[in-house]
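Given the structure is predicted, the values throughout are model-derived calculations rather than measurements.
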Amino acid sequence: METFPKIISVDDHTVEPPNVWRDRLPSKYRDIGPRIVRAPVKEMTFVGGKFAPKMGDVGDGGPIADWWVYEDLHRPLTRLDTAVGYARDDIKLEGITYEQMRPGSFSVPDRLADMDVNHVQSALCFPTFPRFCGQTFTEAKDRELGLLGVRAYNDWMVEEWCGPQARGRLIPLTLVPLWDAELAAAEVRRNAARGVRAVCFSEIPPHLGLPSIHTDYWDPFLRACDETGTVVAMHIGSSSKMPSTSADAPAAVGSTITFANCCFSMVDWLMSGKFDRFPNLKIMYAEGQIGWIPYVLERADVVWEENRGWGGVADKVLRPPSELFTEHVYGCFFDDAFGLKNLDAIGVGNVLYETDYPHSDSTWPKSREVGESQMGHLAPDVVERIVRGNAISLLGLTGEGLWAGAGG
């Protein structure tokens with residue numbers, strides 16, 4: 001392509017600096033809230049879709065890592081959290097320290113520099129320690145501390161990560177306390193008042209021990225999103241259960257079928273009736289890719305047409321699922337040549353681009369080259385929409401693709 005639009009990535013990640021919670025929690029919680037401890041890795045496995053690390057005692061032998069410690073949780077920083085800059089064959093399941101990761105993982109000026117290298121103008125970033133929809137705080141015993149932890153993260157996200165030094169190039173994505181839908185709604189509204197237009201959510205809440213979207217439990221939260229124009233952003237793995245086939249399947253199995261949770265989740269939403277109840281609601285699937293979408297829509301329409309009488313949806317899903325998809329759902333991809341060849345069956349307006357920096361799947365620093373290779377058959381105006389235009393509209397960005405904060 002002669003020119004390729006500046007990328008707005010809707011799925012990148014931040015690795016939170018060590019002081020995020022210690023700087024923001026009340027003094028009585030600073031030593032028991034999330035904090036970094038440098039200690040050995042005693043054991044670490046990732047089999048059957050389950051990540052299982054064990055922290056050694058300070059002073060023990062073995063490889064050293066920086067660990068997030070919070071209540072009973074001990075979670076190390078890993079090479080998979082921040083793999084950019086390393087050869088693919090050198091990316092292994094291992095614990096690391098902050099000094100061993102690319103500074104752009106946690107430093108705003110360094111992130112902007114790495115975005116420049118990658119032809120990226122703006123980026124929406126999912127969390128690391130809280131996990132993709134704040135499961136860490138949802139699983140905590142102390143609900144008061146958990147709520148303070150969620151709010152502290154959101155304050156850091158808005159005021160520092162996406163603060164003045166980001167110059168509008170980092171787009172805020174916040175958390176909610178999933179254990180209370182009314183508190184979640186209040187947090188959506190609190191952040192919407194300062195310009196936030198995206199919130200993390202779980203692709204399959206029952207995997208977290210929470211009600212499904214087929215209940216009315218989530219209605220206060222969804223109403224708040226509907227009324228404030230806040231996008232519900234669901235990342236693969238935001239149900240704390242990655243797809244796998246068996247307890248002993250290697251991680252490569254799950255990595256190949258990561259889209260499966262998005263597939264299951266999208267059918268849930270299309271058959272839930274929520275889009276008829278909340279007509280302004282928008283949802284997006286980060287890192288789910290898009291090639292699988294056409295068949296799922298085809299099958300969902302057949303089921304809705306032929307089986308809705310006994311399928312439990314006749315009284316709440318009032319239009320074909322494919323029509324609901326067009327108005328409410330966005331698929332996100334970083335490397336999906338097949339999906340782009342079938343774009344007409346998905347919809348030009350329902351696709352968003354991403355780079356997944358700094359994860360092991362990231363196309364950094366060649367996201368432009370990947371995009372040019374896979375989108376070469378598309379008209380320039382279509383490429384523009386996929387790479388940035390759809391994101392600008394969905395996330396309420398300025399015409400230049402920047403986040404304008406509460407004034408936007």
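A distance-only check finds a donor-acceptor pair linking the side chain of Glu71 to the backbone of Lys141 [under 3.5 Å]. Within the 3.5 Å criterion, the main-chain N or O of Ser9 finds no donor-acceptor partner in the side chain of Thr355. Not a single donor-acceptor pair under 3.5 Å links the side chain of Asp110 to the backbone N or O of Phe106. Not a single donor-acceptor pair under 3.5 Å links the side chain of His119 to the backbone N or O of Pro365. When atom types are taken as modelled, the side chain of His377 and the backbone of Leu340 share a donor-acceptor pair closer than 3.5 angstrom. Asp12 places no side-chain N or O within donor-acceptor distance of the main-chain N or O of Leu124, the cut-off being under 3.5 Å. Proximity of a side-chain donor or acceptor of Asn390 to a complementary backbone N or O of Leu352 within less than 3.5 Å is not detected. Judged purely by atom type and a 3.5 angstrom limit, Ser122 uses its side chain to pair as donor or acceptor with the backbone of Gly401. No donor-acceptor distance shorter than 3.5 angstrom exists from the side chain of Glu203 to the backbone of Tyr285, with no hydrogens or angles considered. Judged by distance alone, with hydrogens and angles left aside, the side-chain atoms of Glu287 form no donor-acceptor pair with the main-chain N or O of Cys332 at under 3.5 Å.
In this structure, Asp90 places its CG atom where more than 12 heavy-atom neighbours from other residues, nucleotides or ligands lie under 6.0 Å away. Residue Lys42 places its NZ atom among 12 or fewer non-hydrogen atoms of other residues, nucleotides or ligands, all under 6.0 Å distant. Counting non-hydrogen atoms of neighbouring residues, nucleotides and ligands closer than 6.0 angstrom, the CG atom of Asp381 exceeds 12 such neighbours. Atom NZ of Lys316 has more than 12 neighbouring heavy atoms from other residues, nucleotides or ligands inside a 6.0 Å radius.
Considering all non-hydrogen atoms of both residues, Leu183 and Pro177 come closest at CB-CG, 3.7 Å. Looking at every heavy atom in both residues, Asn154 comes nearest to Thr174 through OD1-CB, 3.2 Å. Of all the heavy atoms in Leu397 and Ile171, the pair that sits closest is CD1-CD1, 3.8 Å. In terms of heavy-atom proximity, Gly288 sits nearest to Cys262 at CA-SG, 3.6 Å. For the residue pair Tyr98 and Arg38, the shortest heavy atom distance occurs at N-NH2, 4.3 Å. Among all heavy-atom pairs drawn from Glu16 and Pro130, the shortest one is OE2-CD, 3.3 Å.
Comment: Arg277 does not engage Asp216 in a salt bridge, judged by the lack of any side-chain N to carboxylate O separation of less than 4.0 angstrom. Under the 4.0 Å criterion applied to side-chain N and carboxylate O atoms, Asp155 and Arg190 are assigned as salt-bridge partners. With respect to Arg169 and Asp116, a salt bridge is recorded, a charged nitrogen being found less than 4.0 Å from a carboxylate O. The pair Lys274-Asp219 meets the salt-bridge criterion, with a side-chain N (NZ, NE, NH1 or NH2) lying under 4.0 Å from an Asp/Glu carboxylate O. Ionic pairing of Asp180 and Arg143 is not present here: no N-O contact between side-chain nitrogen and carboxylate oxygen is shorter than 4.0 angstrom.
A 4.5 Å side-chain heavy-atom check between Val176 and Val150 finds every atom pair outside the cut-off. Side-chain contact between Cys200 and Leu173 is present, with at least one heavy-atom pair separated by less than 4.5 Å.
The aromatic rings of Phe201 and Trp218 sit perpendicular, their planes meeting at an angle over 60°, well past the 30° parallel limit. Using the six-membered ring where Trp is involved, Phe132 and His13 have ring planes that are tilted, between 30° and 60° apart. Using bins of under 30°, 30° to 60° and over 60° for the plane-to-plane angle, the ring pair Phe4/Tyr353 lands in the perpendicular bin.
Neither side chain, Asn350 nor Thr326, offers a donor N or O lying under 3.5 Å from an acceptor on the other. With no hydrogens or angles considered, no side-chain donor-acceptor pair links Thr82 and Arg102 at under 3.5 Å. Side chains of Asp114 and Tyr357: a donor-acceptor N/O pair is present below 3.5 angstrom, by distance only. At a cut-off of 3.5 Å, with distance as the only test, a side-chain donor of Gln374 or Asp335 sits close to an acceptor on the other residue.
Taken to the nearest 0.5 Å, the CE atom of Met284 stands 7.0 Å off from the CG atom of Leu395. Rounded to the nearest 0.5 Å, atoms CE (Met44) and OG1 (Thr78) are 6.5 Å apart. Distance check: Met266 CE to Met271 CE gives 9.5 Å after rounding to the nearest 0.5 Å.
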task = Evaluate the criterion side chain to side chain contact (heavy atoms under 4.5 Å, CB included) for residue pair Glu160 and Val20; output intermediate values, then yes/no.
result = CA-CA 10 Å; Glu160 288 200 34; Val20 168; over 6 Å; no
ask   = Does the pair Glu323 and Trp304 meet the rule for a side chain to side chain contact (heavy atoms under 4.5 Å, CB included), with working shown?
value = CA-CA 12 Å; Glu323 291 185 15; Trp304 180 83; over 6 Å; no
task = Decide side chain to side chain contact (heavy atoms under 4.5 Å, CB included) for Leu77 and Trp68; before the verdict, give the C-alpha distance in whole Å, the side-chain angles of both, and the deciding distance to 0.1 Å.
result = CA-CA 8 Å; Leu77 300 179; Trp68 282 106; 3.8 Å; yes
ask   = Taking it one step at a time, do Met101 and Val15 satisfy side chain to side chain contact (heavy atoms under 4.5 Å, CB included)?
value = CA-CA 10 Å; Met101 68 174 69; Val15 176; 4.0 Å; yes
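Paired with Trp21 under the rule ring-ring contact (aromatic ring centres under 6.0 Å, His included), one option of Phe129, Tyr29, Tyr70, Trp156 passes, and it is Phe129.
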